[in-house]
Amino acid sequence: MKREMPEFLKEFLFARSLRLRLFVILLIMGIVPGILMRHGIVENYEERAVEQRVATVQNQLMIVANHLISNNYLTNYGNPNMQSMASGEVIEAELEMLSNLYEGRVIIIGSNFKVIKDTYGISEGKILISEAVVKCFKGQNTSRYNPEHGYIEMTTPIISATNRSAEGGSDSSSVVQGVMLTSISNEAIVSTMEVLNRKAVILEALMVIVIAAVAFITANLIAQPLNRVTEAVKMARAGHTDESIEVAGYSETVQIVNSFNEVLAQMRSLDDTRQEFVANVSHELKTPMASLKVLADSLLTQDNLPVEIYREFMEDMVSEIDRENQIITDLLALVKMDKKEQDLSITILNMNDLVELILKRLRPLARKKDIEVIFESDRRVMAEVDEVKMSLVVSNLVENAIKYNKEHGWVKVILNADHQFFTLEVCDSGLGIPEEALAHIYERFYRVDKSHSREIGGTGLGLAITKKAILLHKGSITVTSREGEGTSFLVKVPLSYIAG
Ligand code: ADP
């Protein structure tokens, strides 16, 4: 039963989508610089606006300071007995206008730190000492911006007209007679900034929409070749494996497609081999069956046959059944070889004993053709092998050497070993194998001479089984043969079994 994927997993997988990631990256790349730029511009504007405002107001304050000096405002107003009403009113109107204009407050402090004039009318007569005021008495203009409380505070020295030097500075003879402490509102700057910000946000929102659309289209375009690969793979999975898939795109997708095509080709060839094998098996199994049917039919259709004929036909039928049995036994042996290496049952085996035992079993077969079977071995060979599979190797090779031999021929089996491998050589004085057939003798059901091989009971599976068994032991098999002279098989297998 197919289980539905949990919701959180779906979300997770979606987050892993390349398209989504590209979209997010492009979106961030498009939006972040815009936001940074807006912040930069607004902040820069604020700084510049404050600077400009300070410069303008300071200029005006300097003019007022000049007026204060020229009208002896400080000396007159510092001393209540000597106030000149007319000039004082003019200056106060000027100060009033200034503070109204900049929504601020102007305080005039005399040389004894006493507040002479406060446009708010709160601090008059009080003593006002602050760092900025003290600095200003030394002849220095100061300004301080306080954005939290929304004001700019500045001080302007009131320098006596005779000794006054260049703006903002003082020389040794200059006398700072008083200080103007002015604070003005930054509201105008803030409201301009707000307008700026609002416009920038609208622009940014528009930009986000455009960038999102561009990012979406771009992400889709970039991911398109990958989607095409996925579609092509899906088609192949659905069973359309006959053709190679073709997707033009990036070199990476081309590489994926090429590798996939190689896998497809391997699958196809595996499928072909399997089909061929099934066809061969069916054919091989059908042949004895067909013979059996012919024999049985002829017995059934003819009446009153002599007992000898019955016996002869029955014997033929038994030999066909034996043959069928042999093919099935060989097929089962081959299938067993297809299993994993782990299924090998490795033991330390005396190879000399194994070969002796097999030769003893096969000597009667050799005797039928008067074939001499010789075993040569200079040393005792102990090897880590699977006994059943190694027996199949030795018996198949020796049996072939006897089966495909001439009358009065010979078969020689030589067992040897070095410190790493043991070798088993099986030579015969037989028919030999034609050169063009040498490459095929390990194929399943391959026989050089079909009719001859059948006559002597070959199934065409013996060497396939032999090779498989040797490969499972990480060994190798080679053959040299001359037609009409004989054949020699050389098997080389590691003495110690190498797993993996
Ligand atoms: P079979 O069961 O027919 O012997 P094998 O797989 O053992 O099948 O051998 C494949 C074919 O290789 C045989 O049909 C035979 O023609 C050839 N062959 C194998 N061994 C020898 C040999 N020692 N001498 C000559 N021909 C051989």
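We use all heavy atoms of the structure for the numbers below, so side chains are in, but hydrogens, waters and symmetry mates are not. Counting starts at 1 for both ligands and their atoms, in listed order.
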Which option out of Tyr404, Tyr442, Phe445 puts a heavy atom nearest to atom 21 (C) of ligand 1?
->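 It is Tyr404 that holds the nearest heavy atom.
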
Of all the atoms in ligand 1, which lie at a distance below 4.0 Å from a heavy atom belonging to [X]?
X      : answer
Val448 : 14 (O), 16 (O), 17 (C)
Thr459 : 1 (P), 2 (O), 3 (O)
Tyr446 : 10 (C), 11 (C)

Using only heavy-atom distances, determine whether the side chains of [X] and [Y] contain a donor-acceptor pair under 3.5 Å.
X      : Y      : value
Asn396 : Thr466 : yes
Arg444 : Asn280 : no
Glu46  : Tyr145 : yes

Give a yes/no on ligand 1: does [X] have at least one heavy atom closer than 4.0 angstrom to it?
X      : result
Asp428 : yes
Ile441 : yes
Gly430 : no
Lys403 : yes

Minimum-distance pair of heavy atoms, taken over all atoms of Ser429 and Gly409 =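 Here Ser429 and Gly409 meet closest at OG-CA, 3.3 Å.
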
Over all heavy atoms of both residues, which pair between Ala417 and Leu495 is shortest? Give the atoms and the distance, please.
->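 In this case the closest contact between Ala417 and Leu495 is CB-CD2, 4.5 Å.
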
Judging by distance only, is a nitrogen or oxygen of Leu463 under 3.5 angstrom from one on ligand 1?
->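 Between Leu463 and ligand 1, an N or O pair is found under 3.5 Å apart.
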
For ligand 1, find out whether one of its N or O atoms is nearer than 3.5 Å to an N or O atom of Gly460.
->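 Gly460 vs ligand 1: N/O contact under 3.5 Å present.
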
Restricting to pairs with a member in residues 352-366, which pass side chain to side chain donor-acceptor pair (under 3.5 Å), not counting sequence neighbours?
->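 Every side chain to side chain donor-acceptor pair (under 3.5 Å) pair that includes a residue of residues 352-366, provided the two are not neighbours, is Asn350-Asp353, Asn352-Ser377.
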
Heavy-atom donor-acceptor pair, Arg53 side chain to Asn186 backbone, under 3.5 Å =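 Between the backbone of Asn186 and the side chain of Arg53 there is no qualifying donor-acceptor contact (under 3.5 Å).
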
